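All figures in this text were calculated on a predicted structure; none of them were measured in a lab.
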Amino acid sequence: LGLKVAHCANAKCDVFTVHTVESNGRVGGYTSATVGADGFPILIYQDVASKDLAVIHCESLFCAPYFRRN
């Protein structure tokens, strides 16, 4: 459970990488996503347990902390 994001490797998205953004088991209600001015994903979702609205501005295209291409 939790909130995960997939980064597609091609236009068909038949190859992708999945990263867990939030590991709390009861999140992801009413999820929306957009791309910020910096080109990185922004995720908006509801924490189902607390009913709080949360926003995550990803630090990389893959929405994974400390990700760096080789």
query: Once you round to the nearest 0.5 Å, how far does CZ of Phe40 lie from NE2 of His57?
result: 7.0 Å

- prompt: OG1 of Thr20 to CD of Glu22: how many Å apart, nearest 0.5 Å?
  reply: 10.0 Å

message: Could you see if Ile56 belongs to whatever hydrophobic cluster contains Ile42? Use Ile, Leu, Val, Met, Phe, Trp, Tyr and a side-chain cutoff under 4.5 Å.
response: no

- request: Side-chain contact test, heavy atoms from C-beta onward, threshold under 4.5 Å: evaluate it for His7 versus Val5 and give yes or no.
  value: no

query: With sequence neighbours excluded, what pairs up with Lys12 under the side chain to side chain contact (heavy atoms under 4.5 Å, CB included) test?
result: Asn10, Asp14

query: Rest of the hydrophobic cluster containing Phe16 (Ile/Leu/Val/Met/Phe/Trp/Tyr, side-chain heavy atoms under 4.5 Å)?
result: Val18

statement: Note: Pro41 and Ser60 closest approach over all heavy atoms is CD-O, 3.4 Å

- request: Any chance you could measure Glu59, atom CD, to Asp38, atom CG, to the nearest 0.5 Å?
  value: 11.0 Å

- request: Any pair with a residue in residues 3-36 that passes disulfide (SG to SG under 2.5 Å), sequence neighbours left out, goes on the list, sorted by first then second residue, please.
  value: Cys8-Cys13

message: Under the rule for side chain to side chain contact (heavy atoms under 4.5 Å, CB included), what residues qualify as partners of Leu53, not counting sequence neighbours?
response: Ile44

Partner residues of Thr31 under the side chain to side chain donor-acceptor pair (under 3.5 Å) criterion, sequence neighbours left out: none

message: Please report the interatomic distance CD(Gln46) to CG(Asp52), rounded to the nearest 0.5 Å.
response: 8.5 Å

query: Considering residues at least two apart in sequence or located in another chain, which fulfil the side chain to side chain contact (heavy atoms under 4.5 Å, CB included) criterion with Ala9?
result: Val15

task: Looking only at non-hydrogen atoms, find the nearest pair between Leu43 and Cys63 and report the distance.
output: CD1-SG, 4.0 Å

